Amino acid sequence: MKKRITVLAGGVGGARFVRGLLAHLNAASTDGVSNNAAVTVVANTGDDMWLNGLRVCPDLDTIMYTLGGAVDEHQGWGRSGESQRTSAEISAYGRGWDWFTLGDLDLGTHIVRTDMLREGLSLTQATEALCRRWRPGVRLLPMSDQSVETHVRLSQGTPEHSAGDLIHFEEWWVRYRALVPVSEFVQIGLEKASATPEVLEAIRSADVILLPPSNPVVSVGTIMAVPGVRDAVRSTAAPVIGLSPIIGGSAVRGMAEQCLETVGVEATALGVAESYGARSRGGVLDGWLMDVTDEGYLPLLEEAGLQGATAPLWMTDTPTTAAMAAAALAMAPPTSRS
Ligand code: GDP
Ligand code: CA
């Protein structure tokens with residue numbers, strides 16, 4: 001029986017990690033091409049939005065394009081070799097978000113997805129249909145089929161908004177580069193949403209659950225907040241192993257510190273681990289892999305009830321990322337099922 005690995009992922013950090021995980025699994029297999037594992041990726045859809053009449057799912061698409069070999073490597077998202085002609089046309093009409101560029105090839109995906117949703121397919125089904133083209137090598141699942149959209153409450157006004165306004169997370173992240181202070185994250189639609197049966201099954205039946213070095217607040221945190229997910233993670237027989245998105249006290253490529261500050265979590269490898277918490281003490285983690293520079297936290301991790309280990313955690317290239325995935329898997333004791 002294939003080893004079942006379930007990964008709860010955000011966009012760029014999650015996609016790069018899974019690419020390394022697949023490289024590790026393929027290298028470890030006998031023929032170097034196929035592998036003896038079945039990987040399911042549960043993606044954050046809290047960054048999704050309706051834009052120009054289209055349903056845009058940034059994290060799902062980043063994962064699909066990265067694993068399908070079509071991503072713009074330099075940006076980390078969008079399609080390689082695309083132009084912005086259609087976006088420029090939309091801006092010329094004064095519509096849409098001119099600070100949120102959607103390339104022409106990417107827009108094709110959003111048109112097809114919206115078409116499928118309007119025909120009555122669920123987001124899970126539409127994602128599966130899109131993946132038939134890209135063959136990402138994993139089963140890619142949205143965390144929920146209902147809309148959950150992360151918003152932030154501004155603590156300060158901007159030229160376009162007043163203090164106290166709720167704006168879409170992507171507007172804060174991309175337009176304001178997370179530089180305007182915010183008081184809270186609000187997931188609109190969360191109470192009415194639920195995890196899909198596919199997601200719950202992927203968590204329950206896994207041999208190991210991996211939390212990649214994705215944003216702990218607005219990527220992994222949002223997935224965990226979907227009704228049903230946290231309980232499933234807490235009760236699965238599989239070990240839950242996380243990799244730190246913070247190295248030496250700062251977020252690697254990104255602005256995760258601003259998110260952590262907003263929710264009162266210290267932006268260190270230890271702070272993030274403690275905020276996830278040990279499953280033995282009401283949290284969601286069993287093991288935590290940190291960068292070698294954070295080795296000093298190992299005794300404190302143990303005090304927090306977590307198994308700790310270190311490895312180089314900069315995802316500089318696929319072999320290094322594959323080694324990270326191998327180190328994380330090595331922390332997972334075999335379950336009774338595997
Ligand atoms: P997003 O949805 O595109 O923002 O992507 P994710 O939530 O999946 O990942 C973003 C997070 O990945 C960032 O906040 C960083 O903390 C983390 N990250 C990015 N590159 C690296 C890396 O090379 N190593 C580690 N350990 N973390 C990284
Ligand atoms: Ca994201």
Side-chain angles (χ1 to χ4, degrees), residues 7-21 41-49 56-67 71-78 100 140 142-143 148-152 168-174 177-178 185 187 210-224 241-263 265-273 275-276 288-294 297 309-325 327-328:
V7 186
L8 311 188
V12 178
R16 292 205 168 136
F17 174 74
V18 175
R19 182 163 63 183
L21 171 67
V41 178
V42 176
N44 169 44
T45 53
D47 302 353
D48 294 10
M49 74 203 82
V56 179
C57 304
D59 289 1
L60 278 173
D61 289 346
T62 296
I63 296 168
M64 184 171 79
Y65 295 153
T66 303
L67 302 181
V71 79
D72 180 322
E73 284 292 341
H74 177 68
Q75 286 183 148
W77 46 270
F100 194 81
L140 181 58
M143 64 189 194
V148 174
E149 295 192 9
T150 304
H151 282 58
V152 296
H168 194 284
F169 169 73
E170 291 285 3
E171 182 170 8
W172 179 60
W173 199 244
V174 179
R177 308 209 54 76
F185 295 96
Q187 270 90 19
L210 296 178
L211 306 185
S214 284
N215 188 310
V217 182
V218 293
S219 293
V220 179
T222 304
I223 302 173
M224 289 285 182
I241 310 294
L243 295 95
S244 179
I246 304 288
I247 297 180
S250 73
V252 193
R253 297 186 203 103
M255 308 166 288
E257 289 110 324
Q258 284 90 322
C259 299
L260 289 165
E261 196 186 318
T262 303
V263 297
V265 172
E266 192 184 74
T268 61
L270 180 68
V272 175
S275 75
Y276 282 137
W288 188 239
L289 185 63
M290 302 181 293
D291 187 74
V292 284
T293 57
D294 290 315
Y297 290 131
T310 60
L313 288 195
W314 277 93
M315 297 190 281
T316 39
D317 52 27
T318 303
T320 314
T321 314
M324 280 167 58

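We number each residue from 1, following the sequence as shown. Bear in mind that the values here come from a model prediction, so they are computed numbers and not experimental data. Start at 1 and go down the list; that is how both ligands and their atoms are numbered.
Side chain to side chain, Thr62 and Asp59 fail the donor-acceptor criterion of an N or O pair below 3.5 Å.
Judged by distance alone, the side chain of Thr262 and the main-chain N or O of Gln258 form a donor-acceptor pair under 3.5 Å. A side-chain donor-acceptor contact under 3.5 Å links Asn215 to the backbone of Val218.
Ion pairing between Glu73 and Arg19 holds under the 4.0 Å rule for side-chain N and carboxylate O.
Around the Ca ion (ligand 2), the protein N, O or S atoms closer than 3.0 Å are Asp47 OD2, Asp59 OD1, Asp59 OD2, listed by chain and residue number.
Looking only at side-chain heavy atoms (C-beta outward), Val56 and Asp48 stay at 4.5 Å or farther from each other.
The CD1 atom of Ile241 lies 9.0 Å from the CG atom of Leu289; values are rounded to the nearest 0.5 Å.
Closest approach of Asp291 and Leu313 over heavy atoms only: OD1-N, 2.7 Å. Across every non-hydrogen atom of Cys259 and Trp172, the tightest pair is SG-CZ3, 4.1 Å.
Between Trp288 and Tyr297, the ring center distance fails the sub-6.0 Å criterion.
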Report all N/O contacts between ligand 1 and the protein shorter than 3.5 Å as a table of atom names and distances to 0.1 Å; if there are none, say 'none'.
unit_1   : atom_1 : unit_2 : atom_2 : d
ligand 1 : 2 (O)  : Gly11  : N      : 2.8
ligand 1 : 2 (O)  : Asp59  : OD1    : 3.2
ligand 1 : 2 (O)  : Asp59  : OD2    : 3.4
ligand 1 : 3 (O)  : Val12  : N      : 2.8
ligand 1 : 5 (O)  : Gly11  : N      : 3.3
ligand 1 : 5 (O)  : Val12  : N      : 3.1
ligand 1 : 5 (O)  : Gly13  : N      : 3.4
ligand 1 : 7 (O)  : Asn215 : N      : 2.8
ligand 1 : 7 (O)  : Ser219 : OG     : 2.6
ligand 1 : 8 (O)  : Gly11  : N      : 3.1
ligand 1 : 8 (O)  : Gly13  : N      : 3.2
ligand 1 : 8 (O)  : Gly14  : N      : 2.8
ligand 1 : 8 (O)  : Ser214 : OG     : 2.6
ligand 1 : 9 (O)  : Gly13  : N      : 3.3
ligand 1 : 12 (O) : Pro213 : O      : 2.7
ligand 1 : 16 (O) : Pro245 : O      : 2.8
ligand 1 : 18 (N) : Val252 : O      : 3.4
ligand 1 : 20 (N) : Arg253 : NH1    : 2.8
ligand 1 : 23 (O) : Arg253 : NH1    : 2.9
ligand 1 : 23 (O) : Met315 : N      : 2.7
ligand 1 : 24 (N) : Leu313 : O      : 2.7
ligand 1 : 26 (N) : Ser244 : O      : 2.9
ligand 1 : 26 (N) : Leu313 : O      : 3.1

